[in-house]
J.: 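One structure, pasted below without further comment.
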Protein chains: 2
Amino acid sequence: VPLDELAIIDRFFRPLAGEGAFRLLDDAGLLEIPSGGDIVVTTDMIAKNVHFLADDPPAAIASKALRVNLSDLAAKGATPLSYVLSLGLDASVDEAWLSAFADGLRGDQQRFGITLLGGDTISVPEGPVISIAAFGIVPRGRMVHRSGGKPGDALYVSGAIGSATAGLALLKREAGPWNALLAAERETLVQCYRIPEPRTELAVTLVEFAAAAMDVSDGLVGDCDKLCAASGCSALIEAESVPLPPALTDIDEAILARLITAGDDYEILAAVPPHNEAGFRGAAEAVGVAVTRVGTLTEGSGPAQVMVDGRPLPLNSRAYVHRGSDERP
Amino acid sequence: VPLDELAIIDRFFRPLAGEGAFRLLDDAGLLEIPSGGDIVVTTDMIAKNVHFLADDPPAAIASKALRVNLSDLAAKGATPLSYVLSLGLDASVDEAWLSAFADGLRGDQQRFGITLLGGDTISVPEGPVISIAAFGIVPRGRMVHRSGGKPGDALYVSGAIGSATAGLALLKREAGPWNALLAAERETLVQCYRIPEPRTELAVTLVEFAAAAMDVSDGLVGDCDKLCAASGCSALIEAESVPLPPALTDIDEAILARLITAGDDYEILAAVPPHNEAGFRGAAEAVGVAVTRVGTLTEGSGPAQVMVDGRPLPLNSRAYVHRGSDERP
């Protein structure tokens with residue numbers, strides 16, 4: 001017997017509703033707005049076999065759906081407040097799946113201090129398809145844009161680049177240096193693919209010290225190109241300085257090129273003016289987020305120049321396109 | 001050659017972006033908030049063969065995706081401001097479809113005075129799947145809830161009930177009194193199914209005169225039950241007074257029962273205290289929205305009593321469940 005929408009809401013989602021959600025018993029929610037701030041809004045949709053795998057744990061799918069949005073908010077300097085959830089389910093979803101999915105949301109709500117403001121649950125021909133819109137607050141007039149960078153600004157990334165790519169390659173049993181890793185190291189990389197780590201703690205630091213920022217979701221190089229285009233400049237990326245997954249030690253240039261052009265990092269790329277670099281590094285360290293300088297914004301326009309040890313790094317592509325597993329790029 | 005996400009955004013959606021959307025060139029948008037108001041948020045997802053038919057005109061699908069959200073806002077007394085769009089597309093979608101879909105959004109943006117604040121376009125295994133979150137403003141503290149009704153309040157509906165049901169029956173070639181209609185009358189009913197008419201003009205009237213309201217999307221009777229549950233009372237619906245599609249004249253009790261328990265009306269059900277009835281009717285007339293008294297909130301609890309000419313009206317079900325066309329209820 002398929003669950004009906006009201007039963008699903010009642011059992012699994014009502015317990016997640018917070019202030020302004022009216023226990024999900026109304027047509028809409030009220031967005032509570034702390035004084036003195038601007039409201040930042042983002043939305044992302046994820047689908048089976050495109051952004052997650054059919055047998056990924058439901059709690060991880062829920063976390064990913066939420067966290068890709070929180071990553072966007074963090075990149076804009078916004079602290080998350082609440083979110084709305086649209087959930088498209090097919091007949092393969094059962095109570096156990098829904099219960100685990102809700103558990104994933106609950107854990108992240110507690111961790112990030114947010115609540116569910118509203119939602120919709122529908123039947124779809126093939127699912128799950130999950131769309132979330134998330135709301136955050138940034139001090140008035142201080143949203144961090146992609147467009148604020150200037151030539152001479154230092155380029156920083158948070159965390160490591162390429163962990164999710166290695167994790168997905170492991171899940172797909174692709175050959176690569178990740179196969180030489182210990183089981184625990186492999187599991188860590190798989191977790192990076194399944195459950196990104198939004199850099200919410202870095203939001204306030206970005207507001208204070210960054211001239212421009214974005215989240216890295218479709219490959220560092222291609223996303224850097226987007227920041228350059230928005231800021232009206234170009235960039236030099238020094239690929240040897242890009243922080244990679246620490247367990248991966250034996251990386252040739254082809255793998256390096258792949259890791260810095262593939263998706264699902266959900267790290268922050270920030271342009272930091274030279275006079276702010278010391279402050280940025282200190283503030284990031286204080287909130288426990290590793291940041292690494294990977295290059296510089298440069299005069300001119302067009303895609304970033306990607307160098308390794310002073311030579312151009314050959315790249316097959318610059319950005320990652322999320323597609324269904326049965327589609328050819 | 002499948003279109004890539006950036007090309008789709010550039011060609012079809014960037015022209016729809018408004019204030020705070022930063023030309024869809026950033027990770028997120030800024031929600032502009034007029035002073036003195038509360039922000040109402042709602043989200044609805046629609047999918048092929050569940051909420052629309054595969055060969056429905058793309059502009060109509062876009063309008064439906066948007067308008068089901070605007071209907072929720074109107075029912076809360078909120079005037080729409082902006083929206084975010086998540087669009088899941090499969091390989092069957094081409095440029096002509098996207099162009100027509102964007103045209104549908106553009107027309108409604110102009111009509112309802114709203115703009116696109118952000119979005120996401122992804123591949124899905126089977127689409128289209130469309131999720132919209134819409135934002136509206138209501139005077140501070142004045143959102144109209146489902147829960148404000150009291151015994152003795154008059155129950156009103158806007159427009160007519162059952163037009164979309166008759167339109168869907170025509171599209172599905174089901175036998176019924178709609179088959180006797182003229183071609184133009186049939187087309188009107190089909191349009192009611194494809195493109196609902198959100199009662200945005202009624203929002204201010206609801207704030208001023210209604211004690212409770214909701215939008216009728218899953219059948220008048222079942223939705224009235226929800227308003228009763230939220231308000232802690234019951235109701236009497238006088239089915240003979242429910243406004244039906246004017247062209248449908250020869251309606252027996254079975255069809256009447258179906259029309260008032262089926263979905264996609266997107267009309268407003270409002271509970272109006274007796275001392276506000278004259279004001280409510282006058283204000284609704286002033287903004288050109290027909291409203292009709294269909295019953296009364298009553299003491300007690302539990303589902304509404306549905307009578308016709310003083311006798312109970314037999315009902316096979318009370319509410320409509322949106323399912324895929326290949327599923328059995």
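First the proteins, then the strands, lettered A, B, ... as listed; each starts at 1.
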J.: Under a 4.5 Å cutoff for heavy-atom pairs, which residue among A47(B), S71(B), S86(B) has the most contacts with chain A?
T.: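 Between A47(B), S71(B), S86(B), the count favours S86(B).
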
J.: Mind ranking V84(B), D90(B), N69(B) by heavy-atom pairs under 4.5 Å with chain A and telling me who comes out on top?
T.: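 When all of V84(B), D90(B), N69(B) are compared, V84(B) has the most.
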
J.: Within the structure provided, determine whether L30(B) and V41(A) are in side-chain contact (heavy-atom separation under 4.5 Å).
T.: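 No, their side chains stay 4.5 Å or more apart.
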
J.: Please answer whether the main-chain N or O of M45(B) pairs with a side-chain N or O of D120(A) as donor and acceptor at a distance below 3.5 Å.
T.: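 Confirmed, D120(A) side chain pairs with M45(B) backbone.
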
J.: Using the salt bridge (Lys or Arg N to Asp or Glu O under 4.0 Å) criterion, which residues pair with D223(A)? Sequence neighbours excluded.
T.: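 For D223(A) the salt bridge (Lys or Arg N to Asp or Glu O under 4.0 Å) partners, ignoring immediate neighbours, are K226(A).
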
J.: Distance check, rounded to the nearest 0.5 Å: M143(A) atom CE versus D27(B) atom CG?
T.: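 Spacing of CE (M143(A)) from CG (D27(B)) equals 7.5 Å.
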
J.: When heavy-atom pairs shorter than 4.5 Å are enumerated against chain A, which of I122(B), V40(B), L87(B), L73(B) gives the highest number?
T.: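 Highest number of heavy-atom pairs under 4.5 Å: I122(B).
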
J.: Looking at P125(A), G20(A), G118(A), A75(A), which has the largest count of heavy-atom pairs under 4.5 Å with chain B?
T.: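 The option with the most such pairs is P125(A).
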
J.: Let me know if L6(A) has heavy atoms under 4.5 Å from chain B in its side chain, its backbone, both or neither.
T.: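 Only the side chain of L6(A) comes within 4.5 Å of chain B.
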
J.: Return yes if some donor-acceptor pair links the side-chain N/O of D26(B) with the main-chain N/O of R146(A) below 3.5 Å, else return no.
T.: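 Present.
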
J.: Report yes or no: does D38(A) contribute a side-chain atom to a donor-acceptor pair with the main-chain N or O of L31(B) at less than 3.5 Å?
T.: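 Side chain of D38(A) to backbone of L31(B), a donor-acceptor pair under 3.5 Å: no, none is there.
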
J.: In terms of heavy-atom pairs under 4.5 Å, which option from L227(A), L117(A), D215(A), I46(A) contacts chain B the most?
T.: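 Result: the option with the highest number of such pairs is D215(A).
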
J.: Less than 4.5 Å to any heavy atom of chain B: does that hold for the side chain of A319(A), its backbone, both, or neither?
T.: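 Interface part for A319(A): neither.
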
J.: I'd like to check the salt bridge (Lys or Arg N to Asp or Glu O under 4.0 Å) partners of K64(A); sequence neighbours left out, ordered by chain and number.
T.: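 Salt bridge (Lys or Arg N to Asp or Glu O under 4.0 Å) check on K64(A) returns D264(A).
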
J.: Return the set of residues passing side-chain hydrogen bond (donor to acceptor under 3.5 Å, both in side chains) with R14(B) (not counting sequence neighbours), or none when no residue passes.
T.: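 Counting only residues at least two positions away or on another chain, R14(B) forms a side-chain hydrogen bond (donor to acceptor under 3.5 Å, both in side chains) with D10(B).
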
J.: Specify which of G119(B), A230(B), S147(B) makes the most heavy-atom pairs with chain A at under 4.5 Å.
T.: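 So the answer, after comparing G119(B), A230(B), S147(B), is G119(B).
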
J.: Which residues in residues 126-134 of chain B have any heavy atom lying under 4.5 Å from a heavy atom of chain A?
T.: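 Residues of residues 126-134 of chain B touching chain A at under 4.5 Å: E126(B), V129(B), S131(B), A133(B).
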
J.: Does any non-hydrogen side-chain atom of I33(A) lie less than 4.5 Å from one of I39(B)?
T.: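 The answer is yes; the side chains approach within 4.5 Å.
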
